[in-house]
Structures are given as C-alpha cells and as structure tokens.
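Below you'll find the structure, written out as structure tokens, and then a few comments.
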Amino acid sequence: MRGAVVKIRKPIEDWIIWKATLRIERGILALASISAVVCVCASVFMRYILKMDFFGLEEVITLLAMWIYWIGGVYGSYENSHITADISNIFIKTDSAKFRLNVVTGILTVLISGVFAYWSVAYYAIWNIKAGTKTIGLHIPYLASNMAITVGFIMMFLYSLYHLIRLFLPRIMDDVSDPGSEVEQ
C-alpha cells in the first residue's frame with residue numbers, strides 16, 4: 001500500500017445515530033426507573049394515607065420493569081460490562097491465545113444473540129401482534145411490555161457484533177497504516 005492514500009473514517013461512536021440510540025436507552029432507563037418509584041410511592045400514599053388501592057399497579061410495574069431489565073441488559077451489552085465467569089486469564093498467558101479466545105467468545109456471542117433476536121422477532125413479537133392480548137385490569141397490550149424483549153435481543157446482537165468488529169479493528173488498522181503512506185483525515 002505504499003503511496004496509497006488511506007481515508008480514516010469517522011468512528012461509529014461519533015455517528016449521530018449511535019449517540020441518539022444511547023440517549024434513548026439512557027432516557028428509557030431513567031424515565032422507567034423514575035416512573036416505577038413514583039408508582040410505588042403513589043401506591044403507598046394511597047394505601048396508607050387515603051386507605052385506597054392503586055388499581056392496576058402490578059400491570060404498570062410489570063411494564064416498567066420489563067423495559068428497565070431489558071434496556072439495562074442492552075446498556076450492559078453496549079458497555080461490554082455484563083457479568084462473565086471468565087477464569088481463562090488465570091490459565092492463558094499469551095496475548096495471541098487471549099485474542100483467539102476472545103474471538104471465539106465474540107463469535108459465539110454474536111451467533112447466539114442473533115438466534116435469540118431472530119426468534120424474538122419471528123415468533124414472539126409476531127405472535128404478540130397477532131394474538132392482540134391485553135392485561136386484565138388496564139387492558140395494556142402485552143406487546144407493550146414484551147417488545148422490550150425483542151428490542152433487547154436485537155440491540156444486544158448489534159452491540160455484540162460491534163464488539164466483535166472492534167476486536168479486529170486494531171489489527172486491521174495496523175495492517176492498513178504503512179509508514180510510507182499518506183493519511184487523509
């Protein structure tokens with residue numbers, strides 16, 4: 001690649017859609033968490049002060065909890081901070097062996113999350129749409145809370161794919177960057 005001009009692209013983290021997606025995820029987490037706390041406080045106030053019940057509280061809390069749990073999982077996938085039982089660092093000492101293990105782990109994660117994302121769309125979400133089931137009390141469509149699962153699996157798949165690509169990126173950039181080439185930004 002001597003003499004070739006290599007154009008460095010803007011990192012995906014700087015894309016407006018990437019930043020907007022993260023803002024939406026944080027917004028859902030904040031709004032759903034605050035709403036859940038407000039619902040519980042309102043329920044306590046109504047039950048112990050006004051001596052009334054908060055009808056449908058369980059349905060509202062279930063809806064909020066589903067979005068908190070699944071978007072929380074998505075955000076953990078984005079940060080790559082989910083819980084792992086990785087003891088391989090004790091046994092694997094070389095960087096190349098660690099890289100190969102990370103590649104295998106990344107590929108398996110992408111494949112498994114891809115299968116779950118497909119199933120959640122092809123079977124679960126479509127079934128919810130066709131069935132049109134609703135909660136008993138407030139008649140909230142089950143789709144409202146169950147879509148959190150579908151969105152969660154799709155986003156986890158995309159973030160897993162992103163992390164797998166990022167795993168190879170330093171090696172690709174090392175191959176592309178040549179001391180004799182000009183870099184255009």
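In this text the structure is predicted, and so the values were computed from the model without any measurement.
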Are Ile149 and Phe116 connected in the hydrophobic side-chain network, where two residues link if heavy atoms are under 4.5 Å apart? yes

Rounded to the nearest 0.5 Å, the NZ atom of Lys98 sits from the CD1 atom of Ile92 at a distance of 8.0 Å

Quick one: does Val104's side chain get under 4.5 Å of Arg100's, heavy atoms only? no

Using a 4.5 Å cut-off on heavy atoms from C-beta on, say whether the side chain of Met46 contacts that of Asp53. no

Pair Trp70 and Phe153, ring centroids less than 6.0 Å apart: yes

Distance, nearest 0.5 Å, that separates OG1 of Thr150 from OH of Tyr123: 13.5 Å

Leu167 vs Val103, test: side chain to side chain contact (heavy atoms under 4.5 Å, CB included). Steps then yes/no. CA-CA 7 Å; Leu167 189 61; Val103 167; 3.6 Å; yes

Thr133 versus Pro141: any side-chain heavy-atom pair under 4.5 Å? no

Could you check whether any side-chain heavy atom of Thr109 comes within less than 4.5 Å of a side-chain heavy atom of Met156, counting everything from C-beta outward? no

Is the distance between the ring centroids of Tyr159 and Trp18 less than 6.0 Å? yes

Same apolar cluster (I L V M F W Y, side chains within < 4.5 Å links), Ile71/Ile34: no

Should Glu13 and Arg166 count as an ion pair when the cut-off is N to O under 4.0 Å? yes

Hey, does Ile61 have a side-chain heavy atom less than 4.5 Å from the side chain of Val40? yes

So how far is it from Asn102 CG to Phe168 CZ, rounded to the nearest 0.5 Å? 10.0 Å

